There are 2 protein chains.
Amino acid sequence: MTSDQSEHTLSATEENIMKATHTALLKHGYADLSIARIGDELDGSKSSIYHYYDSKDDLLITLLEFTVNKFESTLDTEPSQNPAETLKQLIAKLLAPDPVEDDYQFQTVLVGFRSQAVTNSRIRAQFTHVDERLADTIREILERGIAENVFEAVNASEVTEYILATIKGGIYTRVTTDRVDAVTATHSMLVSYIDSELIQDTV
Amino acid sequence: MTSDQSEHTLSATEENIMKATHTALLKHGYADLSIARIGDELDGSKSSIYHYYDSKDDLLITLLEFTVNKFESTLDTEPSQNPAETLKQLIAKLLAPDPVEDDYQFQTVLVGFRSQAVTNSRIRAQFTHVDERLADTIREILERGIAENVFEAVNASEVTEYILATIKGGIYTRVTTDRVDAVTATHSMLVSYIDSELIQDTV
DNA sequence: GTCTATAGGTTGATAGAC
DNA sequence: GTCTATCAACCTATAGAC
C-alpha cells in the first residue's frame, strides 16, 4: 500500500477518542478545544486519552490524518465514466449547496485545522500534501479527458490548480459565511467554465 | 459616512494595542493568542488593555474591524481606468505570488480570523459582510465594463461570485500551504478566463 | 491612564490505585 | 486499560496604589 499511515486497526477506545475529538472540534472550534471538552464527549474518562496519545498535539495530528483519509476516501470516483461527468460529480460533491451531513462535517473540521497551518509547520506540511493529492485527482481526470479527446488540449496542471482554488474558495465561503447563494453561483459558473472552455466541441 | 464603526480617532495607546495584537496574532496564531503574549509585543503593561477594552473578545472584534478597514482601503481602485485593467489589477494585488509584506500580513491575519467564523457568530457576521463588500467591488467593475461594451453581457452577480471564490481559494492556498506554484497558476488561469470569456472580441 | 500584585478558574499532563 | 486525584503552569480579569 502507498499509505504512509500505520496499518494497525483502531481499538474501540481509539475510535471513541477520534469521534469525541471530532465532535468537540465541531462544537467549540480549534481555538477553544481542550482535553476536558474532548472528555465531555467521551464515554470514558479524559485521562484514557494519554494512554493512547503522548500529548494533545499528538492526538490532533492523528485526528487530522484520520479525517483526511476519510475525506479522501469519499472522493473516490468511478473511473469507468466519462471524464467530463466524473469531474462534474466531484465538483458537485464538494460544492453542493447543502451537502450530506458527513461531508459538511469533514469540510468544517478541515477548515478549522487548515487555519492552523499558518503557524504550525506540521499541519502546514499535512495540508500541502492534502492539496497535492486533491490536485492529482483532478489532473488525472483532465489528462484522461484530453487523451480521450473529450477535453481540449489545455495545460492540465494549470487548469487543475484553477479548478481546485475555485472549489476551495467555495467551500471556504460556505463554512465561514452565510452567503449560500455565493456557493451556488460559484458551482454553476465552474460547470459553465468546464462546458465552454474544457469540453471539445463535437465536430 | 456609511461606516458603522465609531468615528473617533485612536489614541496612541490604542494604536499600540492594535499593532501589538496584530503582531502577536502573526507570531502565535489565533488559537495560541493570550493577553500575556499581546503584552509581550506591547510597549506598556498588559493590564492597560483592560482600560480600553472590556474583554479579550472585545479587543479581538475591534482588531478584526480595524484590520478589515485597512485591508479594504488598500483595494480602492482608480475608477477612471479601463474596467478590464482595473479588474486585473485587483486580482494581481490579491493573488501576487509574493505580495507586499503588509498585504501578506493582512491576508494571514484575516485567514486566522475567518476560521473562527465557523463557531463564533459575531465573527461569522463580520465575514459575511466582508465578502459582501468584496463582491460589490468586483460586481461594480463588471457592470461598468458591460455598460461600456468592454465585457460581454454576462450575469455579473454569478461571475462575481465565481471570481471571488477563485481569489479566496488562491489566498487560502498561499497562506496555508507551501504550493507557491499553485497560486501562480490560479492567477494566470483567472486572467485567461477574463480574456477569453469576459472581454468582448473587438469587431 | 498606567502600573504591580493577585484572585480565581482552566489548562495539559501525571501518579498511582484497581 | 481505565479510573480518581492532583499538580504546576497558565489563563482572563480585577483591585488598588500612584
Side-chain angles (χ1 to χ4, degrees), chain A residues 6 8-66 109 112-113 115-116 119-123, chain B residues 6 8-66 109 112-113 115-116 119-123:
Chain A
S6 50
H8 89 108
T9 325
L10 296 183
S11 74
T13 314
E14 284 172 288
E15 196 103 42
N16 257 326
I17 294 173
M18 286 292 105
K19 195 163 251 174
T21 310
H22 171 91
T23 306
L25 213 35
L26 284 173
K27 220 181 253 188
H28 308 288
Y30 193 102
D32 295 320
L33 185 70
S34 69
I35 297 285
R37 287 205 237 256
I38 296 170
D40 290 344
E41 308 298 327
L42 206 57
D43 278 342
S45 145
K46 65 182 166 130
S47 16
S48 69
I49 293 170
Y50 288 98
H51 190 259
Y52 296 92
Y53 308 95
D54 288 342
S55 64
K56 187 188 174 190
D57 237 59
D58 184 34
L59 165 61
L60 289 177
I61 291 282
T62 307
L63 178 70
L64 175 54
E65 284 167 7
F66 181 80
V109 168
F113 266 119
S115 70
Q116 298 306 309
T119 44
N120 181 325
S121 60
R122 271 177 94 187
I123 294 186
Chain B
S6 52
H8 88 108
T9 326
L10 296 182
S11 73
T13 314
E14 282 172 290
E15 197 103 40
N16 257 326
I17 294 173
M18 287 292 104
K19 194 162 253 171
T21 310
H22 171 93
T23 306
L25 213 36
L26 285 173
K27 219 180 254 187
H28 308 287
Y30 192 102
D32 295 321
L33 185 69
S34 70
I35 297 285
R37 288 206 236 254
I38 297 170
D40 290 344
E41 308 298 325
L42 206 56
D43 278 341
S45 146
K46 68 184 164 124
S47 21
S48 69
I49 292 170
Y50 288 98
H51 190 259
Y52 295 93
Y53 308 95
D54 287 344
S55 64
K56 187 189 173 188
D57 236 58
D58 184 35
L59 165 62
L60 289 177
I61 291 282
T62 307
L63 177 70
L64 174 55
E65 284 168 4
F66 180 80
V109 168
F113 266 119
S115 70
Q116 299 305 309
T119 44
N120 181 325
S121 61
R122 273 175 94 185
I123 294 186

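Side-chain atoms are counted along with the backbone in the values below, which use heavy atoms only and exclude waters and symmetry mates. Not measured: the values here are computed from a predicted model.
Counting heavy atoms from C-beta outward, B/Ile17 and B/Thr62 have side chains that stay 4.5 Å or more apart. Side-chain contact between B/Thr119 and A/Asp32 is absent, with no heavy-atom pair separated by less than 4.5 Å. Looking at heavy atoms from C-beta onward, B/Ile123 lies in side-chain contact with B/Tyr30 at the 4.5 angstrom threshold. Taking the side chain as every heavy atom from C-beta outward, B/Phe66 and B/Lys19 never approach each other to under 4.5 Å. Inter-residue side-chain proximity for B/Lys27 and B/Glu41 is flagged as met; some heavy-atom pair is nearer than 4.5 Å.
Atom-to-atom, CG of A/Asn16 to P of D/dT2 comes out at 9 Å; the value is rounded to the nearest Å. Here C/dT2 presents its P atom at 12 Å from OH of B/Tyr53, a figure rounded to the nearest Å. Distance B/His28 NE2 to D/dC10 P: 13 Å, rounded to the nearest Å. Distance A/Arg37 CZ to C/dG12 P: 9 Å, rounded to the nearest Å. Rounded to whole Å, the distance from CD1 on B/Ile38 to P on D/dA13 is 11 Å. Following rounding to the nearest Å, A/Ile17 (CD1) and D/dC3 (P) show an atom-to-atom distance of 10 Å. Here D/dA9 presents its P atom at 22 Å from CD1 of B/Ile35, a figure rounded to the nearest Å. Residue B/Asp40 contributes atom CG, which lies 12 Å from atom P of D/dT12 at whole-angstrom precision.
Closest to the A/Ala36 side chain, of the nucleotides C/dT11, D/dC3, C/dA13, is C/dT11. Checking D/dC11, C/dC3, D/dG1 against every side-chain atom of A/His51, the shortest atom distance belongs to D/dG1. Nearest nucleotide to the side chain of A/Lys56, out of C/dG12, C/dT4, C/dT2: C/dG12. Closest to the side chain of B/Lys46, out of D/dT14, C/dT6, C/dC3, is C/dT6.
Among the atoms of the strands shown, only primed sugar atoms or phosphate atoms (P, OP1, OP2) are found under 4.0 Å from some heavy atom of B/Ser34. Counting any heavy atom pair closer than 4.0 Å across all strands shown, B/Leu59 reaches no nucleic acid atom.
Residue B/Tyr52 places at least one side-chain N or O under 4.0 Å from the OP1 or OP2 atom of C/dT2. Under 4.0 angstrom from either OP1 or OP2 of C/dT14 there lies no side-chain N or O belonging to A/Tyr50.
Nearer to the 5' terminus of DNA chain D, by closest-nucleotide assignment, is the contact made by A/Asp43 (compared with the other of A/Asp43 and B/Asp32).
Between the side chain of A/Ser47 and the base of D/dT4, at least one donor-acceptor pair of N or O atoms lies under 3.5 Å.
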